[in-house]
Amino acid sequence: MKDLIEQLKDIYIKKFCKYNKEQRNNINILYNNYKDNSIYGDINININSIFFLKKKNKNKLGIKLGNKIKKKLKKYVYKYELKSNYLNIFLKKKYYINKIKKFIKSNFNIQKTIYNKKNKKKRYIIEFSSPNSNKPLHLGHLRNILIGNTIANIYNVIGFNVIKSQLINDRGIHICKSIIAFKKFFNKKIKLNIKGDHFVGILYFKFEKEFQKEIKLISKKYNIKKNQAIKYSRLSKLVNNELINWEKKKGESISIWKKINKLVYKGFSITYKKLNVKFDDILYESKTYLLGKNFILEGLKKKIFFLDKDKSVYFLYKKKKIILLRNNGTSLYITQEIGTLLYRIKKYKKFNLLIYVVGNEQINHFKVLFEIIKINKLLIYNKLYHLSYNTVNFLGKKIKSRYIKKNEFIFIDDLICIMNNYVKHKIKKKKSDKIVEQISLGAIKYQFIKINPKKKIDFNINNVLKIKGNTGIYIQYTYARIYSILKKNNLKKIKFYKTNFLKLIKKNEISIIRLILEYKTIIDRIIKKYDPSILTNYIYIISKKINNFYQKNKILNIKNIYKRNLRLIICKIILNFLYFNMKILGIPILKKI
RNA sequence: GAUCACGUAGCUCAGUCGGAUAGAGCAACUGCCUUCUAAGCAGUCGGCCACAGGUUCGAAUCCUGUCGUGAUCACCA
């Protein structure tokens with residue numbers, strides 16, 4: 001059974017744009033949750049496209065459409081009004097009552113009521129996080145993870161088959177830097193009192209520090225520029241040799257590499273666990289990069305790629321050379337990326353969309369990658385999407401390891417720690433550490449998801465530390481409030497059939513239900529725009545509405561049993577609805593706060 | 001220099017692929033706890049939607065230009 005919005009759309013299409021696809025996509029029919037319903041009605045139909053047909057007759061055509069709707073949907077529609085550019089539909093209370101009954105029938109199952117599972121065959125692969133294995137996850141990863149995880153969860157809600165995929169960049173020069181530091185500055189001794197990934201991070205930063213020192217010395221000594229000084233750097237040579245050793249699997253390179261990676265992965269898993277993020281699939285570039293190398297060599301034979309004078313392999317993109325293989329035969333970022341994609345094609349065979357959640361600094365990288373796939377006539381060309389988001393800036397600049405100084409933190413673990421301390425001090429009643437952490441995690445996640453991925457985040461600890469107003473805590477608090485009411489009254493004892501909802505239901509109760517009916521539109525918009533922030537905003541509006549209702553109306557302590565039943569039912573719907581969406585957003589659910 | 005984003009209230013952000021009177025939160029100031037969780041609710045204050053043109057019945061939204069901020073510009077990953 002189609003829902004009302006879809007039915008209205010059908011009538012509209014039949015009447016005005018049966019054959020015009022473009023206009024069909026522009027039809028704008030929405031529940032009115034933002035303006036006075038007694039004036040603007042329950043559903044607003046934007047009739048601009050009618051202007052397209054005949055400007056002069058817009059009123060006539062509007063009335064025609066209104067009459068048709070009233071006739072066809074007389075069960076629910078009792079009135080329509082033409083106002084400005086809108087055809088406003090006024091609904092009977094019965095419509096909302098039926099919706100409430102539907103919720104009751106499904107035992108308050110949000111998924112069943114709003115989305116009936118379909119499309120299970122459609123497979124979506126979502127790659128997110130993609131860390132390097134040389135340092136802990138930082139705030140850039142945090143944004144990435146939260147966007148990726150939320151989008152993945154939403155695809156899941158609709159009923160698609162979703163694969164959350166993590167690609168770990170576990171090979172390359174950056175790892176070798178940690179390896180050298182481990183050998184040279186730490187005598188191959190692991191510090192056990194530090195979380196694994198942080199320890200490896202320390203190795204990496206130690207290397208960078210020493211490296212910069214050396215470069216400075218050389219450039220001063222010989223009076224040359226820094227980038228030229230690299231040629232004479234001893235540490236740089238050591239790293240390059242380490243990479244060659246690693247590729248040849250010589251010496252202790254591999255064993256130390258394995259040891260370091262193990263530490264890092266252990267550290268990652270703790271952070272992921274805290275964030276409550278799980279992956280269905282983990283890929284390692286060390287295992288896929290050879291596939292890419294072979295692919296490029298084959299392309300060279302097919303004359304899709306070319307050999308440069310210095311024997312490096314390149315690809316022409318917009319008349320510019322893009323290097324695909326170094327002249328010494330070792331592979332690059334793009335090489336690995338191709339390899340990983342080939343691996344995925346082999347493993348999953350068919351998928352509808354592969355979404356790369358990667359920062360916007362790599363827009364060009366993905367353009368090149370997709371072009372390479374297209375030019376090689378691989379059929380998946382249309383099934384690749386780069387979900388790019390803006391950077392997380394710290395002190396005005398993009399977060400990069402070289403910006404880290406003492407007393408500055410950019411790691412997820414540190415942020416959680418700081419937030420925990422803050423919540424602990426701000427909180428009125430004493431709470432267990434577990435609850436404190438769940439509150440701070442909710443706050444952090446909400447604060448990051450809240451912002452449109454297109455916009456950059458200038459990270460400021462004071463923004464995250466907010467616990468009033470539009471925050472994760474507000475959502476958690478709303479949930480806990482309603483939960484405590486329902487806990488005091490066992491819903492199962494209520495006999496629904498005795499309640500005459502039609503007489504009891506009032507404006508404010510209807511407006512809550514109407515808000516929930518908008519959910520489908522919201523989800524559609526999120527999928528269309530790849531923007532999870534839409535969901536946080538929506539959940540916030542719902543929370544505000546229910547808090548307002550809570551404060552103005554008594555729910556448990558009223559004499560009229562039937563009225564109480566109705567309000568409890570609405571509470572139960574909202575409770576499950578919040579639960580459902582908090583799960584999607586990954587905000588911890590607390591029964592008490 | 002080129003390319004791509006973004007510029008909305010003092011601050012942090014919404015704004016439905018052009019439509020009804022530009023919306024929230026924070027901060028500041030008022031009210032509201034002997035009654036279901038006051039981490040809340042109700043209200044006041046605050047806007048030349050960066051600037052200038054253009055497109056049309058109609059622009060915060062589309063186009064062009066200018067300014068500002070950031071990212072990228074290829075053998076780092």
Between A:Lys455 and B:G7, does any side-chain N or O lie under 4.0 Å from OP1 or OP2?
-> yes

Which listed nucleotide (B:U72, B:U35, B:A77) is nearest to the side chain of A:Lys554?
-> B:U35

Could you give the distance separating B:U56 and B:G70 at their P atoms, to the nearest angstrom?
-> 37 Å

To the side chain of A:Leu332, which of B:C75, B:C41, B:A14 is closest?
-> B:C75

Is there a donor and acceptor pair, one atom on the side chain of A:Lys35 and one on the base of B:U21, closer than 3.5 Å?
-> no

How about A:Lys424: does its NZ atom have over 12 heavy atoms from other parts shown lying under 6.0 Å from it?
-> no

Just how far, in rounded Å, is C1' of B:U61 from NZ of A:Lys529?
-> 10 Å

Using the C1' atoms only, state how far B:G18 lies from B:U37, rounded to an integer number of Å.
-> 45 Å

Separation of B:C75 atom P from A:Lys311 atom NZ, nearest Å, is 20 Å

Could you please name the partner base of B:G43, counting Watson-Crick and G-U wobble pairs only when both distances are under 3.5 Å?
-> B:C29

Measure the distance from NZ on A:Lys321 to C1' on B:C75 and round it to the nearest whole Å.
-> 12 Å

Nucleotide nearest A:Ser312 when distance is taken to its side chain, options B:C75, B:A27, B:C36 = B:C75

Closest to side chain of A:Tyr40, choosing from B:G70, B:A42, B:A20 = B:A20

Ring center gap for A:Tyr265 and A:Tyr284 short of 6.0 angstrom = yes

Choose from B:G40, B:C4, B:U16 the nucleotide whose nearest atom is closest to any side-chain atom of A:Arg481.
-> B:G40

Flag for A:Asn547-A:Thr478: side-chain donor and acceptor within less than 3.5 Å = yes

Polar contact flag, side-chain donor to acceptor under 3.5 angstrom, A:Tyr356-A:Glu337 | no

Distance under 6.0 Å and angle within 45° of ring axis: A:Arg143 vs A:Tyr389 = no

Looking for any heavy atom pair under 4.0 Å, which part of the strands does A:Lys177 touch: base, sugar-phosphate only, or nothing?
-> nothing

Please confirm whether A:Tyr530 and A:Tyr385 have ring centers closer than 6.0 angstrom.
-> yes

Do A:Asn470 and B:G25 have a side chain to base donor-acceptor pair shorter than 3.5 Å?
-> no

Distance in angstrom units between A:Ile338 CD1 and B:A77 P, rounded | 14 Å

Counting side-chain heavy atoms from CB outward, which of B:U16, B:U37, B:C17 is closest to A:Ile485?
-> B:U37

Answer for the Watson-Crick or wobble partner of B:U3, both distances under 3.5 Å, is B:A71

A:Ile541 near the nucleic acid: base, sugar-phosphate alone, or nothing, with a heavy-atom cut-off under 4.0 Å?
-> nothing

Using purine N1 to pyrimidine N3 plus N6-O4 or O6-N4 for Watson-Crick, or N1-O2 and O6-N3 for G-U wobble, both under 3.5 Å, which nucleotide pairs with B:C13?
-> B:G23

Minimum-distance nucleotide to A:Tyr540 side chain [options: B:G25, B:U37, B:C41] = B:G25

Please state the C1' separation for the pair B:A20 and B:A59 - nearest whole angstrom.
-> 15 Å

May I ask you to say what A:Asn553 touches in the nucleic acid, namely base, sugar-phosphate or nothing, with a heavy-atom cut-off under 4.0 Å?
-> base

Where does B:C17 fall, syn or anti, if syn means a chi angle no more than 90° from 0?
-> syn

Evaluate the ring planes of A:Tyr483 and A:Tyr479, with Trp represented by its six-membered ring, and classify them as parallel (under 30°), tilted (30 to 60°) or perpendicular (over 60°).
-> parallel

Heavy-atom nearest nucleotide on RNA chain B taken for A:Thr521 and for A:Asn463; more 5' hit belongs to A:Asn463

The answer to which of A:Asn537 and A:Tyr477 contacts RNA chain B further toward the 5' end, by nearest nucleotide, is A:Asn537

Taking A:Lys544 for the side chain and A:Asn470 for the main chain, is one N or O donor matched with an acceptor at less than 3.5 Å?
-> no

Distance between P atoms of B:C17 and B:C6 (Å, rounded) = 16 Å

Assign A:Ile555 to base, sugar-phosphate, or nothing according to its heavy-atom contacts below 4.0 angstrom with the strands shown.
-> base

Nucleotide paired to B:U55 in any strand shown, Watson-Crick or G-U, under 3.5 Å = none

With distance as the sole criterion, do the side chain of A:Asn547 and the base of B:A38 form a donor-acceptor contact below 3.5 Å?
-> no

Where the side chain of A:Lys552 is concerned, which of B:A42, B:A14, B:G25 is the nearest nucleotide?
-> B:A42

Would you mind classifying the nucleic acid contact of A:Gln362 as base, sugar-phosphate or nothing, using non-hydrogen atoms under 4.0 angstrom?
-> base

Contact class for A:Asn452 vs. all strands (heavy atom < 4.0 Å): base, sugar-phosphate, or nothing?
-> sugar-phosphate

Nearest-nucleotide pick for A:Asn46, side chain only, options being B:G19, B:A38, B:C75 | B:G19

Looking across every strand, which nucleic acid part, if any, lies under 4.0 Å from A:Asn88 by heavy atom: base, sugar-phosphate, or nothing?
-> base

